[in-house]
Amino acid sequence: MSKTISIIIPTYNERDNVIPLVERIHHALHSYEYEAVFIDDNSGDGTAEVARALSARYPVKVIVRQNKRGLASAVVDGLRHATGQIVGVIDADLQHPPEVIPDLLREIESGADIVIASRYVKEGGCQGWGLIRRIISKGAIVLAHLLLPSSRPVKDPMSGFFMFNRQVITHANLKPTGYKILLEILMEGEFQGVAEVPYTFRTRSRGESKLNARQQIDYLKHIYSLMQRKGELRRFLKFCAVGLSGVLVNMGLLWLLTEMVGFPYLVSAAFSIETSVISNFVLNDYFTFPDRRLPKAKSFLNRLLKFNLVSLAGLAINMGILWLFTEAFGIYYLLSNLCGIAAATLWNYLVNTWWTWK
Ligand code: GDD
Ligand code: MN
């Protein structure tokens, strides 16, 4: 016997989309045992009433939340009412074509735990998007990939159109803020295989998008919260602590070589800088990125080389900003240096997590 399916549909003022949506979902799934679960945030336009009227002819459930708003939280509440062994999530506005659902289902049936309708795999795309919209969308993905390394294998972790085995979230404590429910499930769920199926994100023909600046800020908050929960914030703080220890090594050795050994101070500086880079590397390798250290000695040297190059560029950034802020903006040089250190730290962290300890 095939598994039962729940399709969760968050809605806010989507009255004119509900009927064609349900018809198209039914066409895609009529040979399965399925239910469509609407989670409506008390839309003023009668969305819930239109959906309820459909439940006479189609397997439609309608849940109305009275005092809550939010796409991702609506999906989480929808999960409580969904009874299917397989759960799908789709927008109501037909920007996610329901005809893709059987493709998603096929991947689940052949063993994937999560399958994503993806704009960013071959043959996927976005209809009618301008350059700015593309950049914002890609930028959001790059940010997640940088700061939440376990999201990196997924090309479109921002998709709102996906399907998964219910077991994926049995033990997950989902607490998303904003729009990105898939990212939350990818970070908190338990699963083996993730597949991506291409689709084209269509233009909206009825109703309006609810996406605004508020959701962009929520997205940043969400990333921060996931970094906290996944130990990535701790990792960043460890990296900073190691950096601080490097300053001590650098200063101590500079003093020692100049005062005790009698080297000219610039020669001492060259030695102490490189020594602190190496001590930083070793500490980071064992303490900050123990989970991403490969066992082979060869790769140890490889990482050391990469770390050195990144640090060199970091030094250039630090000095560049020190010079620019002091000379061009007339900022007090110690303050300029602080800005330089902050920028170099960010640079070092991001490039190292992306490249050295990937
Ligand atoms: N219940 C509820 N509450 N539903 C909401 C809310 C809310 O506060 N806000 C939006 N929705 C519903 C809309 O009614 C629609 O069905 C769906 O969520 C998507 O909302 P849009 O405002 O149309 O989002 P979008 O098109 O900009 O972005 C969507 O697609 C992207 C690409 O897959 C979202 O799903 C994004 O998360 C996704 O990245
Ligand atoms: Mn939309």
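Each ligand, and each atom within it, is numbered from 1 in the order the structure gives.
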Think [X] forms a cation-pi with [Y], using NZ or CZ under 6.0 Å from the six-ring centre and within 45 degrees of its axis?
X	Y	answer
K61	F38	no
R119	Y199	no
R293	Y286	yes

With heavy-atom distances below 4.0 Å as the criterion, list the atoms of ligand 1 near [X].
X	result
Q95	23 (O), 26 (O)
T11	1 (N), 2 (C), 4 (N), 14 (O)
E14	13 (C), 14 (O), 15 (C), 16 (O)
M158	37 (O), 38 (C), 39 (O)

Query raised in the report: Is it true that I25 and V60 fall in one hydrophobic cluster, defined by side-chain heavy atoms closer than 4.5 Å?
Result: yes
Query - Co-membership, hydrophobic cluster, residues W323 and L335, 4.5 Å side-chain - result: yes
Would you please determine whether [X] falls within less than 4.0 Å of ligand 1 on a heavy-atom basis?
X	answer
R204	yes
H96	yes
R119	yes

**Report entry** Residues clustering with F263 (ILVMFWY side chains joined when closer than 4.5 Å, directly or via others)
**Finding:**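 Same cluster as F263: L253, W255, L256, L257, M260, V261, V267, F271.
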Just let me know how [X] lines up against ligand 1, side chain, backbone, both or neither, with a heavy-atom cut-off below 4.0 Å.
X	answer
Y219	neither
S209	both
I39	backbone
K210	both
F161	neither

No-hydrogen, no-angle side-chain donor-acceptor test under 3.5 Å, [X] and [Y]:
X	Y	result
R303	S299	yes
N17	E14	yes
S311	N308	no

**Report entry** Atoms (protein N, O or S; no water) under 2.8 Å from the Mn ion (ligand 2)
**Finding:**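 For the Mn ion (ligand 2), the figure is 2.
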Query - Note: R235-D291 ion pair, threshold 4.0 Å (strictly below) - result: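 Between D291 and R235 there is a salt bridge, with a charged N closer than 4.0 Å to a carboxylate O.
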**Report entry** Best match, Y179, Y12, F38: closest heavy atom to atom 20 (O) of ligand 1
**Finding:**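 Considering heavy atoms of Y179, Y12, F38, the nearest to atom 20 (O) of ligand 1 sits in Y179.
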Query - NZ/K306: more than 12 non-hydrogen atoms of other groups inside 6.0 Å - result: yes
Query raised in the report: Between G160 and ligand 1, is there a nitrogen or oxygen pair with a distance under 3.5 Å?
Result: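 The answer is yes, given that G160 and ligand 1 share an N or O pair closer than 3.5 Å.
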